[in-house]
Amino acid sequence: MGTRLIRCARLGASLQACMLFLPTLAQAQAISGVIDSSITLVDGCVINGSEASGGDTGVDFGDIDFGTAPAVFDAEDSTVAGGGANGVEVLCSPGVEPTFALTSGLNDGAASEGLHAMANGAGDFVGYSLYRDAARTDLIGLGETVALTTFDGTPQVIELYGRAFGAGGALPSGTYTDTLSVELTF
């Protein structure tokens with residue numbers, strides 16, 4: 001710094017021109033403050049890996065696929081599989097004690113046997129029912145609930161077992177489908 005000042009003086013430069021060569025002595029200024037953060041959590045559940053909260057509709061609870069059978073079959077068994085799990089996998093907020101209900105199918109009561117019915121679109125129906133147990137003795141009726149235990153941070157699986165009923169060869173071959181409406185209440 002001393003050398004620069006001397007040069008300015010020897011050159012006879014004005015004081016303003018010499019000040020341009022001097023280092024800045026001003027101090028940096030700082031302003032401090034805060035950022036407020038918040039989140040409101042509501043009870044919710046994860047169904048087969050998909051997040052859901054109260055009021056959500058269209059959640060995929062899984063599929064029941066009875067496979068391929070001859071048109072003259074007596075009965076075919078299957079299980080509901082959801083999200084790669086054997087059953088419907090549910091994880092809810094800690095402390096939540098939900099119930100699961102089968103509310104209706106598109107063709108309920110249309111077949112001679114079974115609570116629900118799969119249709120081929122030509123007026124033919126394959127009846128089927130869902131059960132709580134693998135022996136298929138504990139039928140789940142329409143609107144009937146399946147209670148789950150209070151959640152503690154670990155998932156629970158609702159095991160659902162299906163049985164489709166043949167009509168002794170009276171049904172034409174083809175693909176039969178149905179959609180069941182279900183509801184998880186918490």
Side-chain angles (χ1 to χ4, degrees), residues 33-70 73-120 125-166 175-186:
V34 298
I35 296 175
D36 295 322
S37 302
S38 68
I39 186 170
T40 302
L41 299 178
V42 298
D43 286 336
C45 297
V46 175
I47 312 297
N48 296 326
S50 296
E51 291 181 19
S53 60
D56 283 353
T57 59
V59 175
D60 185 2
F61 279 80
D63 299 301
I64 186 164
D65 184 354
F66 291 101
T68 301
F73 79 99
D74 287 325
E76 286 294 320
D77 292 340
S78 187
T79 58
V80 172
N86 187 22
V88 179
E89 187 176 272
V90 180
L91 174 63
C92 291
S93 304
V96 168
E97 188 175 341
T99 56
F100 173 83
L102 297 171
T103 57
S104 66
L106 296 177
N107 310 296
D108 290 345
S112 60
E113 193 172 1
L115 290 178
H116 312 288
M118 296 174 278
N120 67 354
F125 301 94
V126 173
Y128 71 102
S129 293
L130 295 180
Y131 303 85
R132 289 182 183 84
D133 62 326
R136 290 163 178 82
T137 57
D138 191 3
L139 178 69
I140 303 172
L142 291 176
E144 196 172 331
T145 61
V146 175
L148 290 106
T149 59
T150 304
F151 277 88
D152 63 1
T154 57
Q156 297 180 42
V157 176
I158 304 168
E159 294 181 355
L160 301 171
Y161 302 90
R163 177 165 286 159
F165 303 100
T175 301
Y176 292 73
T177 61
D178 188 29
T179 300
L180 286 175
S181 295
V182 299
E183 186 173 85
L184 187 74
T185 305
F186 55 94

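Along the sequence shown, the residues carry numbers beginning at 1.
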Colleague: Please evaluate residues L115 and D108 with respect to the criterion side chain to side chain contact (heavy atoms under 4.5 Å, CB included), reporting the C-alpha separation (whole Å), side-chain torsions for both, the decisive distance (0.1 Å), and the verdict.
Modeller: CA-CA 6 Å; L115 290 178; D108 290 345; 5.9 Å; no
Colleague: Any side-chain heavy-atom pair from S38 and D36 closer than 4.5 angstrom?
Modeller: no
Colleague: Tell me the closest heavy-atom pair linking D178 and L106, and the distance in Å.
Modeller: OD1-N, 3.0 Å
Colleague: Nearest 0.5 angstrom please: I140 CD1 to I158 CD1, how far?
Modeller: 9.0 Å
Colleague: I'd like to know if the side chain of D138 reaches the main chain of D133, judged simply by a donor and an acceptor atom lying under 3.5 Å from each other, with no hydrogens or angles considered.
Modeller: no
Colleague: Enumerate donor-acceptor pairs with a distance under 3.5 Å from any side-chain N or O in residues 179-186 to protein atoms, sequence neighbours excluded.
Modeller:
unit_1: E183; atom_1: OE1; unit_2: T185; atom_2: OG1; d: 3.4

Colleague: Using a 3.5 Å distance criterion without hydrogens, assess whether the side chain of S78 forms a donor-acceptor pair with backbone atoms of D65.
Modeller: yes
Colleague: Could you report the tightest heavy-atom contact between E97 and T149, atom names first, then the distance?
Modeller: CG-C, 4.3 Å
Colleague: Checking D152 side chain against T154 main chain: does a donor-acceptor pair fall under 3.5 Å?
Modeller: yes
Colleague: Which pair of non-hydrogen atoms, one from Y131 and one from F165, has the smallest distance, and what is that distance?
Modeller: OH-CZ, 3.6 Å
Colleague: Answer yes or no: does atom CG of D74 have more than 12 heavy-atom neighbours from other residues, nucleotides or ligands under 6.0 Å?
Modeller: no
Colleague: Nearest heavy-atom pair of E89 and P155: which atoms, and what distance?
Modeller: CG-CB, 4.0 Å
Colleague: Examine distances only and state if a side-chain atom of S129 and a backbone atom of G114 form a donor-acceptor pair shorter than 3.5 Å.
Modeller: no
Colleague: Apply side-chain contact (heavy atoms from CB on, under 4.5 Å) to T177 and list each qualifying residue two or more places apart in sequence or on a separate chain.
Modeller: T175
Colleague: Is V80 close to F61 at the side-chain level, that is, under 4.5 Å between some pair of heavy atoms?
Modeller: no
Colleague: Looking at every heavy atom in both R163 and D77, which two are closest together, and how far apart are they?
Modeller: NE-OD1, 2.7 Å
Colleague: Please name all residues satisfying side-chain hydrogen bond (donor to acceptor under 3.5 Å, both in side chains) with Y161, sequence neighbours left out, ordered by chain then number.
Modeller: E159
Colleague: If every non-hydrogen atom of H116 is compared with every non-hydrogen atom of L102, which pair is closest and at what distance?
Modeller: NE2-CD1, 4.5 Å
Colleague: Does E76 reach the main-chain N or O of G67 with its side chain, forming a donor-acceptor pair under 3.5 Å?
Modeller: no
Colleague: Check whether N107 reaches the backbone of M118 with its side chain - one donor and one acceptor, N or O, closer than 3.5 Å.
Modeller: no
Colleague: Can you tell me how far OG1 of T79 sits from CG of L160, rounded to the nearest 0.5 angstrom?
Modeller: 9.0 Å
Colleague: Would you mind reporting whether F66 and V126 have side-chain heavy atoms less than 4.5 Å apart?
Modeller: no
